[in-house]
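Just so it is clear, the values below take in all heavy atoms, side chains as well, and ignore hydrogens, waters and symmetry mates.
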Number of protein chains: 2
Amino acid sequence: MVETVQGARDGDAGRTGTTQGRTGDGRAGAQVGRMSQRRSGRPTLADVAALAGVGAITVSRALRRPDQVSPATRERIAQAVAELNYIPDPQARILASGRSDVIGVILPSLTNNVYADVLQGIYDGVAGTGFQIQIGNTRYDPEEEARLAPLFASQRPAAMLLTGIDQTPATRALLESAGFPIVQIMEKGDDPIDMIIGFSHFDAAQAAIRHLLGRGYRRIGVLGARMDPRLMRRQEGWRAALSEAGLPLREAISPEPSSATMGRALASRLMDAEPGLDALFCANDDLALGALFECQARGIAVPRDFGIVGFNDLEMMAAAVPSITSVQTRRYRMGRLGIEMLVERIAGRRPAEPNVDLGFELIERESTRRG
Amino acid sequence: MVETVQGARDGDAGRTGTTQGRTGDGRAGAQVGRMSQRRSGRPTLADVAALAGVGAITVSRALRRPDQVSPATRERIAQAVAELNYIPDPQARILASGRSDVIGVILPSLTNNVYADVLQGIYDGVAGTGFQIQIGNTRYDPEEEARLAPLFASQRPAAMLLTGIDQTPATRALLESAGFPIVQIMEKGDDPIDMIIGFSHFDAAQAAIRHLLGRGYRRIGVLGARMDPRLMRRQEGWRAALSEAGLPLREAISPEPSSATMGRALASRLMDAEPGLDALFCANDDLALGALFECQARGIAVPRDFGIVGFNDLEMMAAAVPSITSVQTRRYRMGRLGIEMLVERIAGRRPAEPNVDLGFELIERESTRRG
DNA sequence: TGACGCTATGATAGCGCTGTCATGATGTCA
DNA sequence: TGACATCATGACAGCGCTATCATAGCGTCA
């Protein structure tokens, strides 16, 4: 492949006679003070056109709308493209067309397993579509989101994918009039900017508490970390479920990121503060894993004397001993479907349903299966 | 923020008198059949220049090299920029300058915790530098890497960051003559394309085995999954260490991705096949977690009757009961330092050392602390 | 005082591509 | 056969910005 690229350069230089010397300087000078910035040293549309003996536009068309070019011409152009190893310049294309093939994605985290799965879905969603992904990481900071969104929007993306529904009013207004499709993921909402795919965190947390109640646990505590908007809504859910059952609120919350170590620490704190605690709903799975380890360290029998429910159903929940009950969320699906809906819209089609509730499912495992 | 954007549009249209109508059309038609693709509806350099009463070039300079513009002019331009809420068009900038602010990053996975940490380091590394990150995901497929690398290279990135040292000869040759700085991470190597930051997987795996030997474990097995090039080199390391100690090779390897569930399955398989096994080196931490769970399920006492060593020192290793000994690798650092070195090179400076061995550290914990 | 260098600014010509409109060639139907 | 539609192709202008070179203004020094 390389050989052909370099061959192309030679061909280019030899043909036009204007690239002499640039090819050589291409590498060394690029870093410091190159002689001339003009021309990139790569074959251009015009080079392909000259070689194929047609106009530049025809090449452009042959590449983008082959049906508008006669088969014979198309074939000659294809040969020229192959010979020069021509690759279109995306920047020039964007500038000229006013359209880009970049889909902007704004996520609150890259390290959190939850978003790793979303990200995988996103990349799988664009695979083969020709769209590129540009990722922004807000680190759970609303101000960072408010800064990134206009920045991304200014780059004329083909579409944008956002996390959650808590954009600032200013950001929201900007995006509503942005002129490209937008999808919000990870939450359910009645009033999306454009399209939305998610589930109810309130309902999911409520379901977790009700499951513990159904299993006969009564002195239920809750662990939470890094209370982003999704966590806040889960909190409303577990509080509602506990209050509905007439049970007191026993929470240990940390603003720090969720982790197994944090789970152990919070579980330890709550167990010490609330003797007789017999179950924990952990608003993230890594907290649940930590809680399980804390029980093991204290010699507490799970599930006989203590129930544990996690959230998100990460892979390791099933492998744990005992395996841990968790609320399964469709993270990969949200990323993938989000991109698919955007691509549909970019193509000018209306999605069947712009507001999708993917729901959740409580996966019952050994950690709450007592008696 | 939005208010100012929209205010700027009004101001723009009102002031120059040339944008009338564009402002209006900018939005509605954008999705389907816009009337005219020309002009984006956003203020341009020329608009700012007209408002400030200077030439377009002066505005361009004021933005990029403020020192070359007189303070008075600079101030007028700054006001015009603020009033119009002007944001430069990166595509046009790239096209005109032949330089881009995109750093291409090619990783084998986005979901693997290892690369999530690398990614975080990468994003932290570019924060505040003005560079953008473009991520490619090869899914551990060398062919996908061979496809992505030229594609990325063709987009005139400012630099590229690659994973590992196993690029195809063609890819390597292409990148060697690409003319932008390149860093390879995750591995140690004598012959980098340009710069390299990593550690010896061979040495690290060898150290893990030697640690088990030092703790008195003798019937040592090894678990591995998804044998990418890094895993292969670890494999050479553990094989060398075992052979050096005159011990037989007891491996359970899967081509599937590493996971806790996979760890349980492989541990189970090897324990059944090799009765009397007394330790496992798990070439990934999630395998180690699964191995620990399998021991718990079988009632095997760790570390007394069975030692476990993991690899990468993920956060949960410290929280596990017993806590799990693991080989710490500097994943975040590799991502971050990689970007920092690239940025240095883009700025024309030579890094102190283009070949960095970040090493590794065996973190001894309870899972191998017996007697 | 005039040659010289320096600073601040501008005019011009692109970067590589696509939208628009024009043109010639071909096919179709009455 | 001629009016008209259709198809394939091209010329031209321009997307928003920057590199290059030119120029005016100013201070400096012999």
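- In terms of modelled atom types and a separation under 3.5 Å, the side chain of T163(A) and the main chain of I106(A) share a donor-acceptor contact.
- Regarding L95(A), its CG atom lies at a distance of 9 Å from the C1' atom of dC15(C), rounded to whole Å.
- Here the side chain of A96(A) is nearest to one of dC17(D), dC15(C), dT18(C), namely dT18(C).
- Looking at the side chain of A92(A), the nearest of the listed nucleotides dG16(C), dT18(C), dC17(D) is dG16(C).
- Remark: D101(A) does not engage R93(A) in a salt bridge, criterion side-chain N to carboxylate O under 4.0 Å.
- One atom, CZ of R74(B), and another, P of dT7(C), lie 14 Å apart when rounded to the nearest Å.
- Residues I133(B) and Y123(B) form a side-chain contact, since some pair of their non-hydrogen atoms from C-beta on lies under 4.5 Å apart.
- OP1 or OP2 of dT9(D) lies within a sub-4.0 Å distance of a side-chain N or O belonging to S70(A).
- An OP1 or OP2 oxygen of dA19(D) is reached within less than 4.0 angstrom by no side-chain nitrogen or oxygen of S97(B).
- Results of the side chain to side chain donor-acceptor pair (under 3.5 Å) test with Q167(B) over R172(B), E176(B), Q184(B) single out Q184(B) as the only residue that passes.
- Sequence order on DNA chain C of the closest nucleotides to A46(A) and G55(B) puts G55(B) first from the 5' end.
- The distance from atom CD of Q68(A) to atom P of dT6(D) is 15 Å, rounded to the nearest whole Å.
- Residue L45(A) contributes atom CG, which lies 14 Å from atom P of dA11(D) at whole-angstrom precision.
- Side chain of R74(B) to main chain of P66(B): a donor-acceptor pair is present (N/O by atom type, distance under 3.5 Å, no hydrogens or angles).
- The stretch residues 57-65 of chain A touches DNA chain D through I57(A), T58(A), R61(A), each having a heavy atom under 4.0 angstrom from the strand.
- Distance CZ (R93(B)) to P (dG16(C)): 19 Å, rounded to an integer number of Å.
- For V54(A), whose side chain is taken as the heavy atoms from C-beta onward, the closest listed nucleotide among dG14(D), dT18(D), dG10(D) is dG10(D).
- Looking at I122(B) and I103(B), their side chains never come closer than 4.5 Å, going by heavy atoms from C-beta outward.
- Distance CD1 (I94(B)) to C1' (dC17(D)): 11 Å, rounded to an integer number of Å.
- Per the geometry, CD belonging to Q91(B) stands 21 Å off P belonging to dG14(D), to the nearest Å.
- Taking 4.5 Å as the limit, every side-chain heavy atom of F180(A) sits out of range of all side-chain heavy atoms of I346(A).
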